[in-house]
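One-based numbering along the sequence shown.
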Amino acid sequence: MACCVLQIAALIFGGIGMVGTLATTVMPQWRVSAHIGSNIIVFENIWEGLWMNCISHMGIKLQCKFYGSILALPPLLEAFRALMCIAVILSIISFLMAIVGMKYTHRTNEDPQSISIFILAAGIAFLLTGILVLIPVSWTGGIIIRDFYDPKVPTTLKRELGAALYVGWVSTAFLIAAGAMYCSFWCCGDRSSKCRYPSLSRHRLRKPDLAGVSSQSVQAYV
């Protein structure tokens, strides 16, 4: 029962992390304009994401524009795009492997080792996805904080941490938690397999006795 609860919790965490990874990738609020001056009235808010930048006028009108040329983008932004795209694909694969592993765990009693491989693969994939999301999100956050406190950077170019970065950090936590749960489930697979497959264990224990009885009967017949 505890193993089932652990798998369901890990699947929920992985699903939340998968959705959060997709949201982090498409959200334009990676870098938002910083309002440092004493002016209370702000007419424009600037959002900068991986794929587009947006300008909000007084919170009423929102204009977004995709980046024009891929070759004109900074190499760091291209690398972050690639990492997030890989993370989205890997999170979907991880979630599907986790579902397959759970189905085999509850419906198949013949091959516990193959079930453990599905669970282990899902756990490792979730951990890798969390690392892939963490790298661009934390790197971008570090650059924003560095430029914000750098006196050489003009005030108009200073940015603050956007909502997408916080979503990315939360998603990373859920992905790593899901991966750790699945890996821990696999590590205790040998002990839990006796509980999950009692009929299989009794069958294996009885096999030598049956073989011994049959051999004795053959010898008696001869």
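- Distance alone, capped at 3.5 Å, is enough to place a donor-acceptor pair between the Tyr67 side chain and the Gly49 backbone.
- Remark: Phe174 pairs with Phe13 by the ring pair (Phe, Tyr, Trp, His ring centres under 6.0 Å) rule, at least two apart or across chains.
- Without hydrogens or angle criteria, Lys158 side chain to Ile145 main chain gives no donor-acceptor distance under 3.5 Å.
- Residues satisfying the ring pair (Phe, Tyr, Trp, His ring centres under 6.0 Å) test with Tyr166, not counting sequence neighbours, are Trp169.
- Here the side chains of Ile55 and Leu62 are not in contact, with every heavy-atom distance at 4.5 Å or above.
- At distances below 3.5 Å, not a single donor-acceptor pair connects side-chain atoms of Ser138 with backbone N or O atoms of Ile135.
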Determine, stepwise, if the pair Ile119 / Cys183 fulfils side chain to side chain contact (heavy atoms under 4.5 Å, CB included). CA-CA 7 Å; Ile119 296 299; Cys183 290; over 6 Å; no
Begin with the C-alpha distance, continue with both residues' side-chain angles, and end with the deciding distance and a verdict on side chain to side chain contact (heavy atoms under 4.5 Å, CB included) for Lys65 and Met52. CA-CA 5 Å; Lys65 180 182 179 182; Met52 68 181 76; over 6 Å; no
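- For Ala122 against Ser94, the heavy-atom pair with the smallest separation is CB-O, 3.9 Å.
- Side-chain contact check for Leu120 versus Ile117: every heavy-atom pair is 4.5 Å or farther apart.
- Sorted by first then second residue, the disulfide (SG to SG under 2.5 Å) pairs that include residues 141-178, not counting sequence neighbours, number zero.
- Proximity of Val137 to Thr172: side-chain heavy atoms (C-beta onward) are nowhere separated by under 4.5 Å.
- What you find for Ala178 and Gly14 is that their closest heavy atoms are CB-N, 3.6 Å.
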Side chain to side chain contact (heavy atoms under 4.5 Å, CB included) assessment of Ile144 paired with Leu165: CA-CA 11 Å; Ile144 293 173; Leu165 299 183; 3.9 Å; yes
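- In this structure, Cys85 has no disulfide bond (SG atoms under 2.5 Å apart) partners at least two apart in sequence or on a different chain.
- Side-chain atoms of Ile99 and Met102, non-hydrogen and from C-beta on, never get closer than 4.5 Å to each other.
- The shortest side-chain heavy-atom distance between Leu76 and Pro136 does not fall under the 4.5 Å cut-off.
- Applying the side chain to side chain contact (heavy atoms under 4.5 Å, CB included) test to Leu128 and every residue at least two apart in sequence or in another chain returns Leu90, Ile124.
- Counting only heavy atoms from C-beta outward, the side chains of Tyr182 and Leu127 never approach each other to under 4.5 Å.
- Heavy atoms only, all atoms of each residue included: Arg159 and Arg31 are closest at CG-NH2, 3.6 Å.
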Quick one: do Leu175 and Thr21 satisfy side chain to side chain contact (heavy atoms under 4.5 Å, CB included)? Show the steps, please. CA-CA 9 Å; Leu175 291 169; Thr21 301; 3.5 Å; yes
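- Residues satisfying the ring pair (Phe, Tyr, Trp, His ring centres under 6.0 Å) criterion with Trp47, sequence neighbours excluded, are absent altogether.
- In this structure, Ala87 and Thr129 approach most closely via the heavy-atom pair O-CG2, 3.4 Å.
- Closest non-hydrogen pair, Val100 versus Phe118, comes out as CG1-CE2, 3.7 Å.
- Phe95 has its side chain within reach of Leu11: a pair of non-hydrogen atoms, C-beta onward, lies under 4.5 Å apart.
- Atom-to-atom distance recorded for Met97:CE and Ile92:CD1 is 12.0 Å, nearest 0.5 angstrom.
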